[in-house]
Amino acid sequence: MPPLEEFIPYLSEIWESKWLTNAGAFHQRLEQELADYLGVEYLSLFSNGTIALVTALQSLRISGEVITTPYSFVATAHSLLWNNIKPVFVDIDPASFNLDASAIEAAITPATTAIMPVHCYGNPCDVERIQKIADTYGLRVIYDAAHAFGIRYKGESLLKHGDLSVLSFHATKVFNTFEGGAIICPDAKTKQRIDYLKNFGFADEVTVVAPGINGKMNEVQAAFGVLQLRYLDRAINARRQIDDLYRRDLAGIAGITAFQPNPNATQNYSYFPILVNDSYPLSRDTLYLRLKEEGILSRRYFYPLISEMPMYRGLPSAMPGKLTKAKRIAEEVLCLPIYPDLALADQERIINIVREAK
Ligand SMILES: *Cc1c(COP(=O)(O)O)cnc(C)c1O
């Protein structure tokens, strides 16, 4: 967390201006600073990532069926149900944990209107291949980029791919505004429509152009974002060192494999996923519990699959036999603690528990 005393002047400014929300000064400033930092053209802030996902789909009038991944946080698929869209799950690529681009075409039907992939752990999807399929079949692509803050792919912002990308600034993410999110879009017209939609559909004082929602980010959140952005490079650097040490010290432990990120992309080190397979002395769940007994909170992220949840498991595409790779990864994955002020001694304790388990 940035120093509290640096947040106080921002709060004073908000108190004095009495402008608490509705595209205030900090909101405008954060939109600009984030667009600059991320290297994107247009960005619209939201109260959270989920409302941003729901709104992104509405802004392009997505309907019918959307192809997506079962290996994500539930909000990805929930945003489809909130728009009355049928999710069509496609298995993942076991190397990237992302939607398997080679399996997308087989899932396209006349009702398909879009693809909603997730850049899992900030690791880029096969954006070129996905775009090619979208172009061929006339589909839109909306990336759930909740993990992909600041990621650059082949020298450019990853967030420029697809029609829209959606970020989350939840407290657990690399960059946070307590709760928050954003939609990245390619042009001013699209941003205009998104801005209407997040403000009840108001185009001006008396004109309502859509049944919009209240998805606005308030001034206190935006001010925290402005402050946090100044400390972000330091935070990511600290995460990188933690990532390096895990990678070095966990290498060679039988049954443990660290996730390998795409070498053509930068990283934000927001997660440290490992796979725990049969040659490890403990099951993934036993290791999870062992760590928990020691006061260490790892996360089975993502487990269970979205397609196994009651509101999705009845879908034809949710049949476990069709999602075997996602199922295996969900059963083996464990995300180890990684955050900027994780103390070296604590990290070494985590590594030792993993190494010495029998
Ligand atoms: C965090 C997250 C979301 C939801 O974002 P919120 O800001 O918590 O609403 C959506 N998708 C993925 C992949 C996430 O990790």
Side-chain angles (χ1 to χ4, degrees), residues 30 34 43-58 66-83 85 87 89-90 92 96-99 114-125 127 141-151 158-159 161-162 164-184 194 197-198 213-218 220-222 224-225 228 239 259 261 267-273 298-307 309 311-312 326 329-330 333-335 338-339:
L30 185 60
L34 280 176
L43 178 149
S44 180
L45 292 172
F46 274 79
S47 51
N48 63 65
T50 304
I51 294 287
L53 282 169
V54 169
T55 305
L57 291 161
Q58 288 178 1
V66 170
I67 293 170
T68 190
T69 170
Y71 190 78
S72 182
F73 182 63
V74 283
T76 311
H78 281 2
S79 72
L80 299 171
L81 290 196
W82 273 88
N83 281 300
I85 294 165
F89 297 110
V90 161
I92 61 170
S96 69
F97 300 9
N98 287 329
L99 194 60
I115 309 169
M116 189 186 252
V118 179
H119 300 299
C120 197
Y121 313 127
N123 194 52
C125 292
V127 288
V141 183
I142 297 162
Y143 282 105
D144 180 338
H147 296 178
F149 189 92
I151 301 293
L158 177 61
L159 306 171
H161 288 276
L164 300 173
S165 288
V166 178
L167 293 169
S168 164
F169 306 149
H170 183 254
T172 55
K173 306 297 206 268
V174 142
F175 169 81
N176 88 82
T177 55
F178 305 159
E179 294 269 5
I183 302 178
I184 315 296
I194 291 165
L197 284 171
K198 77 175 178 193
I213 196 141
N214 181 356
K216 298 184 272 46
M217 178 180 281
N218 70 52
V220 176
Q221 284 173 283
F224 186 74
Q228 168 135 179
R239 286 174 178 274
F259 177 75
Q267 293 173 62
N268 59 23
Y269 310 99
S270 40
Y271 301 91
F272 195 86
S298 62
R299 283 184 76 192
R300 288 167 290 188
Y301 195 70
F302 298 102
Y303 168 84
L305 294 177
I306 300 177
S307 49
M309 294 171 185
M311 62 299 291
Y312 300 104
I329 302 291
V333 74
L334 194 63
C335 287
I338 183 164
Y339 50 92

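Remember, it's 1-based here, ligands and their atoms both numbered in the order they're listed. When reading the values below, keep in mind they use all heavy atoms of this one structure, side chains included, and skip hydrogens, waters and symmetry mates.
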* Partners meeting salt bridge (charged side-chain N to carboxylate O under 4.0 Å, His left out) with Arg300 (sequence neighbours left out) -> Asp285
* **Distance in Å, Asn98 CG paired with Cys120 SG, rounded so as to fall on 0.5 Å steps** => 5.5 Å
* Asked: Listed by chain and number, what are the side-chain contact (heavy atoms from CB on, under 4.5 Å) partners of Ile213, not counting sequence neighbours?
  -> Ile51, Thr55
* With Ala145 via side-chain contact (heavy atoms from CB on, under 4.5 Å) - residues at least two apart -> His119, Ala148, Leu159, Ser165, Leu167
Tabulation required: pairs of a nitrogen or oxygen in ligand 1 and a protein nitrogen or oxygen under 3.5 Å; columns are atom names and distance to 0.1 Å; otherwise 'none'.
| unit_1 | atom_1 | unit_2 | atom_2 | d |
| --- | --- | --- | --- | --- |
| ligand 1 | 5 (O) | Ser168 | OG | 3.2 |
| ligand 1 | 7 (O) | Gly49 | N | 2.8 |
| ligand 1 | 7 (O) | Ser168 | OG | 2.7 |
| ligand 1 | 9 (O) | Gly49 | N | 3.4 |
| ligand 1 | 9 (O) | Thr50 | N | 2.9 |
| ligand 1 | 9 (O) | Thr50 | OG1 | 2.6 |
| ligand 1 | 11 (N) | Asp144 | OD1 | 3.4 |
| ligand 1 | 11 (N) | Asp144 | OD2 | 2.7 |
| ligand 1 | 15 (O) | His147 | NE2 | 2.8 |
| ligand 1 | 15 (O) | Lys173 | NZ | 3.1 |
| ligand 1 | 15 (O) | Tyr301 | OH | 3.1 |

* Step-by-step side-chain contact (heavy atoms from CB on, under 4.5 Å) determination, Asn176 to His170 -> CA-CA 5 Å; Asn176 88 82; His170 183 254; over 6 Å; no
* Structure fact -> d(Leu45 CG, Ile183 CD1) to nearest 0.5 Å is 10.5 Å
